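What follows is a set of notes on a single structure, which appears directly below.
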Amino acid sequence: WAATLVLGVMHGAHESRRDAPRMRHRAWGDDEVVTAAVDLAATCHRLHVDAPTGLPPAQVRFERDGSYTVTNPNYHLSPETAEALFYLYRFTADEKYRDRGWAIAAAVEEHCRTRSGYAALRRAERLPAERIDAMDGAFLSQTLRYLFLLFSEPTLLPLDAFVFSSQGHPFRIPGRS
């Protein structure tokens with residue numbers, strides 16, 4: 001996942017490894033890992049842009065030629081793209097990640113907002129959007145949190161002092177201020 005790759009580079013997980021000579025394949029360098037993260041995030045962005053709702057299907061199957069087939073058309077208010085955009089923005093300070101996050105937030109507001117909260121979509125690639133009466137808890141704890149943090153100052157929960165759990169909860173890294 002793009003966010004995990006960038007976080008690994010930020011915390012030195014890809015620095016020269018003592019076991020690299022024994023490894024069957026060459027270890028990737030930081031630049032290669034960041035390129036892979038950027039490419040993964042660009043693919044996620046493509047799925048958003050390609051859908052008329054601006055929200056991606058839950059699952060696709062990619063072909064060797066770069067085309068894809070939607071295998072699960074639902075959108076579940078999932079956090080993965082927002083999380084990737086947050087980490088990439090914090091790592092690169094490139095405004096395009098904020099622009100992409102804003103487009104996601106606007107699409108969620110337009111197509112998923114209800115009087116009492118937000119709803120998943122039955123088919124993200126069709127308009128008008130058909131809502132499913134379901135809102136996964138990850139939407140509040142992760143999707144909205146990462147979108148909020150994407151537009152916050154980097155001094156709020158700085159990534160050299162905090163790490164996020166798989167559920168999006170921040171924890172201070174011991175010994176870091």
Side-chain angles (χ1 to χ4, degrees), residues 1-7 9 32-154 156-157 159 164-169:
W1 299 76
T4 303
L5 293 174
V6 170
L7 192 58
V9 170
E32 293 166 306
V33 173
V34 170
T35 297
V38 167
D39 290 348
L40 281 169
T43 301
C44 294
H45 176 67
R46 174 183 168 198
L47 295 174
H48 280 267
V49 170
D50 285 355
T53 60
L55 300 166
Q59 189 174 11
V60 299
R61 183 184 69 241
F62 284 95
E63 305 299 335
R64 288 182 185 265
D65 66 359
S67 65
Y68 64 89
T69 303
V70 174
T71 56
N72 180 346
N74 298 345
Y75 171 68
H76 300 288
L77 302 165
S78 53
E80 289 81 12
T81 303
E83 180 183 19
L85 296 174
F86 162 68
Y87 281 108
L88 283 165
Y89 176 73
R90 288 280 182 98
F91 186 74
T92 66
D94 188 334
E95 287 294 324
K96 76 179 176 188
Y97 297 114
R98 280 184 163 175
D99 294 341
R100 291 173 181 180
W102 187 257
I104 292 170
V108 166
E109 192 66 21
E110 179 180 351
H111 299 292
C112 302
R113 177 84 179 179
T114 69
R115 289 185 327 193
S116 56
Y118 292 85
L121 299 181
R122 184 157 321 279
R123 299 185 70 82
E125 81 280 4
R126 291 202 182 147
L127 289 175
E130 181 185 347
R131 295 184 183 122
I132 301 170
D133 189 15
M135 184 182 78
D136 191 297
F139 176 68
L140 299 174
S141 69
Q142 292 175 288
T143 307
L144 291 182
R145 182 183 318 237
Y146 286 118
L147 287 172
F148 172 79
L149 290 170
L150 176 62
F151 296 100
S152 299
E153 291 299 318
L156 177 66
L157 299 173
L159 296 179
F164 291 87
S165 73
S166 61
Q167 296 303 307
H169 305 299

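Count residues from 1 along the sequence. None of these values were measured; they are calculated from a predicted model.
Atom CD of Glu109 has more than 12 neighbouring heavy atoms from other residues, nucleotides or ligands inside a 6.0 Å radius. Taking a 6.0 Å sphere around CZ of Phe148, one finds it holds 12 or fewer heavy atoms contributed by other residues, nucleotides or ligands.
Note that CG of Leu157 is 8.5 Å distant from CZ of Arg145, once rounded to the nearest 0.5 Å. In this structure, the separation between CZ on Arg46 and OH on Tyr68 is 5.5 Å, given to the nearest 0.5 Å. We find the CD-CG distance between Glu125 and Leu55 to be 11.5 Å, quoted to the nearest 0.5 Å. Taken to the nearest 0.5 Å, the OG1 atom of Thr43 stands 11.5 Å off from the NE2 atom of His48. The distance from atom CZ of Arg123 to atom OG1 of Thr53, rounded to the nearest 0.5 Å, is 11.5 Å. Separating the CG atom in Leu121 from the CG atom in Asn74 is a distance of 8.5 Å, to the nearest 0.5 Å.
The side chain to side chain donor-acceptor pair (under 3.5 Å) search around Glu130 returns Arg122, not counting sequence neighbours. Considering only residues two or more places apart in sequence or on other chains, Tyr118 meets the ring-ring contact (aromatic ring centres under 6.0 Å, His included) condition with Phe139. Taking the side chain to side chain donor-acceptor pair (under 3.5 Å) definition, one finds that Glu63 meets it with Arg61, sequence neighbours left out.
Judged by distance alone, with hydrogens and angles left aside, the side-chain atoms of Arg98 form a donor-acceptor pair with the main-chain N or O of Leu150 at under 3.5 Å. Side-chain atoms of Glu83 never come within 3.5 Å of backbone atoms of Thr4 as a donor-acceptor pair (strictly under, hydrogens ignored). A side-chain donor-acceptor contact under 3.5 Å links Thr71 to the backbone of Gln59.
Val38 is listed as a side-chain neighbour of Val34, based on a closest heavy-atom distance under 4.5 Å. Between Phe91 and Leu159 there is no side-chain heavy-atom pair separated by less than 4.5 Å. No side-chain heavy atom of Tyr75 sits under 4.5 Å from any side-chain heavy atom of His111. Counting heavy atoms from C-beta outward, Leu85 and Ile104 have side chains that approach closer than 4.5 Å.
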Q: Please report the C-alpha distance between Met135 and Leu140 in whole Å, then the side-chain angles of each, then the deciding distance to 0.1 Å, and finally whether the side-chain contact (heavy atoms from CB on, under 4.5 Å) criterion is met.
A: CA-CA 9 Å; Met135 184 182 78; Leu140 299 174; 3.8 Å; yes
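Pairing each heavy atom of Ala134 with each of Leu77, the nearest pair is O-CD1, 4.3 Å. Nearest heavy atom pair, residue Ala37 against residue Val6, reads CB-CG2, 3.5 Å. For the pair Val70 and Pro57, the tightest heavy-atom approach, listed with the atom from each and the gap, is CG1-CB, 3.7 Å. Of all non-hydrogen atoms in Phe164 and Leu149, the two that sit nearest each other are CZ-CD1, 3.5 Å. The two residues Ala51 and Ala124 make their nearest non-hydrogen contact at CB-O, 3.8 Å. Considering all non-hydrogen atoms of both residues, Ser166 and Gln142 come closest at O-NE2, 2.6 Å.
Between Phe86 and Tyr146, the ring-plane angle classifies as tilted under the 30° and 60° cut-offs.
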